[in-house]
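A, B, ... follow the sequence lines: proteins, then strands. Residue 1 opens every chain.
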There are 2 protein chains.
Amino acid sequence: MASIKDVAQKAGVGVGTVSRVINGSGYVAADTRKKIEQAISDLEYTPNELARNLFRNRTGIIGVLIPDLDHPFFSAFTRETEVALYKRGYKAMICNTVGSSNRERDYLNMLDRNMVDGIITGAHTLHWKEYVNRKRTIVALDQDFGPEIPMVGSDHAYGGKLAAEIMLKNNCKRVVHITGIAPNVAANDRHIIFEETLKKHGVEVLDLTMEWNLFDHQSYWDAAAEALEKYPDADGIFAADQPALCYMHLALKAGKRVPEDLKVITYDGMDVSRICYPEVTAICQNVKFLAETCAKSVINLIEDKEPVPHRQILSVELRQGQSTYPVEINDEL
Amino acid sequence: MASIKDVAQKAGVGVGTVSRVINGSGYVAADTRKKIEQAISDLEYTPNELARNLFRNRTGIIGVLIPDLDHPFFSAFTRETEVALYKRGYKAMICNTVGSSNRERDYLNMLDRNMVDGIITGAHTLHWKEYVNRKRTIVALDQDFGPEIPMVGSDHAYGGKLAAEIMLKNNCKRVVHITGIAPNVAANDRHIIFEETLKKHGVEVLDLTMEWNLFDHQSYWDAAAEALEKYPDADGIFAADQPALCYMHLALKAGKRVPEDLKVITYDGMDVSRICYPEVTAICQNVKFLAETCAKSVINLIEDKEPVPHRQILSVELRQGQSTYPVEINDEL
DNA sequence: CTGTTAGCGCGTTCAG
DNA sequence: CTGAACGCGCTAACAG
């Protein structure tokens, strides 16, 4: 491991001068530069980032905290986040909290230990208070951690309303609704509006709450099976991609026809919701835009360039598939 | 940001002593310790990891390079890798190479710049030669980069044989086979054996090669549509989860029945292959074991504890679904 | 048992 | 235009 000192020695100059050519800072005579560049390539010198980090007190790493990478929404989000960060010269360190508050806290602590310059968090096992009282370089996905911490999220309220409108126009009368997100998460808005709108129009909503923080596949199957057994005569289902698709799978297996006997609307609209047959109607979050907004925001916080709004809410989009009959949306409800 | 010096000053001792209590190294009198601990908590002191990193010349970070996080196999792999690394005190920095050799090279360079202590790579845009001539702290997933770099992979040859055996016992005569992995990847073994075995028994194999490095969803649909159009009378399909499921989707849409008219076997066997209806028969890789093996190996390389085998090949497992008729496997082909 | 000191490798003054 | 010297925060060796 050649160091800057070796380069200086080999080129017969001082370390300061070498530093200057590496960073392109300050003036340096053309032939001195030549000599140094030669020495650098001879020694295959690469600057030690660790020393730079110490000096600058920054690492260029952003921690990305999510409940579980093996979940289509979060893996897509993480992917897009990494791309967005990379474009701006940052790298992503990831943490699956997998429901463990210790892991979440552990990664959060890296902020204080200067291991990461900032954090984007979509995890929610910790109480929000643990997030405040820190350097303010945290951006929350879909969660309100109070006025200190900017949040980025989707317009879930509108998403819930859209889903309700389609159920209504498809003449559903008894609709299963699987919920199961952490208590203080913005995504809950969709549940509230969805139920409210349907009930207002005399539609029965059959609720099933999944334990939150369960992101493993089996729990989706369990929830779906329970719902199917509990409400065998339901004519509609609204849930996140995975529980909804599990439900559809079991319903098809039980001989129900989609959309004739059962209307299915899923939330998130990831790839998995297109690949199943029939393709389902979905309320889609704009994952890429969410990720870019998070990345941009946390970097603005770090570099203190542009101010970051406290709430940034992005639109959701309806994708009509074959699991409901096509309807015209006019937002008149 | 309080530093160790502040703590020493506040406690009225030298920095060395503070360092000793923080690291639990060497002797320190009980009451001196008390004073120091008090000062630490008063100042809310946390050691600056950057300085430690510089001293130790290590970061505790492992780079995880994969083609695309938004792919069920790789997101599951990355998830398990992060968990396995964390358990051993390491953190994961991720890189989607998204088919760009520049990005791959960029992250690879972090090894030289000491930003990461080691690398696990499942990416394959770079020529293998770029991987050699480096510190030997690289582990390759499913790729042979020569004798210098240990590899971890699945027994794809057996996987291909299993798939062929099922096709044969299901009396298939014309089987579509979608391939499309990078040239030097071990996963290709399955393709070779699959075709070989079928042809030996007089079954026609209808090949379709996808451009490798395409991990976006659309390319799966395109490949599936092309195959369906080109070989409308095929009675079997073998491909990775996603292209196979796209194919099944389109076939169902076109009125084919599964498994009556079409047998489907997918490779990888991720969650997505269970959620579609009917559940498909799949050759499953043991993602968790793969990840743990990679994590353990790269750490052994770094810490130079146990020797790391050059090739570690893990078993694949058959999961029979409803997309083929159940068969008894006896490995007699 | 404890304080002092010399690096770790680099970037930046600040005189020359 | 350039070299020497200092400091980033911490650890380990070494006297006391």
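Counting any heavy atom pair closer than 4.0 Å across all strands shown, A/N23 reaches sugar-phosphate atoms only and no base atom. Using a 4.0 Å heavy-atom distance criterion, A/S19 is classed as a base contact. Across all strands, B/R20 comes closer than 4.0 Å to base atoms (heavy-atom distances). Heavy atoms of A/T32 sit under 4.0 angstrom from primed sugar atoms or phosphate atoms, though from no base atom.
Where A/V15 and A/R33 each meet DNA chain D at their nearest nucleotide, the meeting point lying more 5' is that of A/R33. Comparing B/V28 and B/F55 along DNA chain C, the residue whose closest nucleotide (by nearest heavy atom) sits nearer the 5' end is B/V28.
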Show every donor-acceptor pair shorter than 3.5 Å between a side-chain atom in residues 15-24 of chain B and any protein atom, with sequence neighbours excluded, or say none if there are none.
from	atom 1	to	atom 2	distance (Å)
B/S19	OG	B/N23	ND2	3.3
B/N23	OD1	B/R52	NH2	3.4
B/N23	ND2	B/S19	O	2.8

Return a table of donor-acceptor pairs under 3.5 angstrom between the side chains of residues 287-297 of chain B and protein atoms on other chains or two or more places apart.
from	atom 1	to	atom 2	distance (Å)
B/E292	OE2	B/K87	NZ	3.4
B/T293	OG1	B/F289	O	2.6
B/S297	OG	B/T293	O	2.7
B/S297	OG	B/Q312	NE2	2.9

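End-to-end axis angle for the helix from C/dC1-D/dG16 to C/dG16-D/dC1, using five pairs per end and rounding to 10°, comes out at 50°.
B/R113 places no side-chain N or O within 3.5 Å of a backbone atom of A/T46 that could act as its donor or acceptor partner. B/T97 contributes no side-chain N or O that, together with a main-chain N or O of B/S100, makes up a donor-acceptor pair within less than 3.5 Å.
With sequence neighbours excluded, no residue satisfies salt bridge (charged side-chain N to carboxylate O under 4.0 Å, His left out) with A/E37. Judged as a side chain to side chain donor-acceptor pair (under 3.5 Å), and not counting sequence neighbours, B/R88 has no contacts. Among residues two or more places apart in sequence or in another chain, the side chain to side chain contact (heavy atoms under 4.5 Å, CB included) test is passed with A/L126 by A/S101, A/E104, A/R105, A/L108, A/E130, A/Y131. Under the salt bridge (charged side-chain N to carboxylate O under 4.0 Å, His left out) criterion, B/D68 pairs with A/R79, sequence neighbours left out. Checked against salt bridge (charged side-chain N to carboxylate O under 4.0 Å, His left out), B/R58 has the following partners two or more places apart in sequence or in another chain: B/D117. Contacts of B/D106 classified as salt bridge (charged side-chain N to carboxylate O under 4.0 Å, His left out), with partners at least two apart in sequence or in another chain: none.
In the 5' to 3' direction, nucleotides of DNA chain D lying under 4.0 Å from heavy atoms of chain B begin and end at D/dG9 to D/dA13. Here the range on DNA chain C touched by chain B, meaning any atom under 4.0 Å from one of its heavy atoms, is C/dC1 to C/dG9.
A donor-acceptor pair shorter than 3.5 Å cannot be found between the side chains of A/E49 and B/N114.
Relative orientation of the B/F73 and B/H71 rings is perpendicular, given thresholds of 30° and 60° on the angle between their planes.
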Could you walk me through whether A/Q285 and A/D268 pass side-chain hydrogen bond (donor to acceptor under 3.5 Å, both in side chains), step by step?
CA-CA 5 Å; A/Q285 298 198 56; A/D268 283 352; 2.9 Å; yes

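Within residues 41-54 of chain A, the residues that place at least one heavy atom under 4.0 Å from DNA chain D are, in residue-number order, A/L54.
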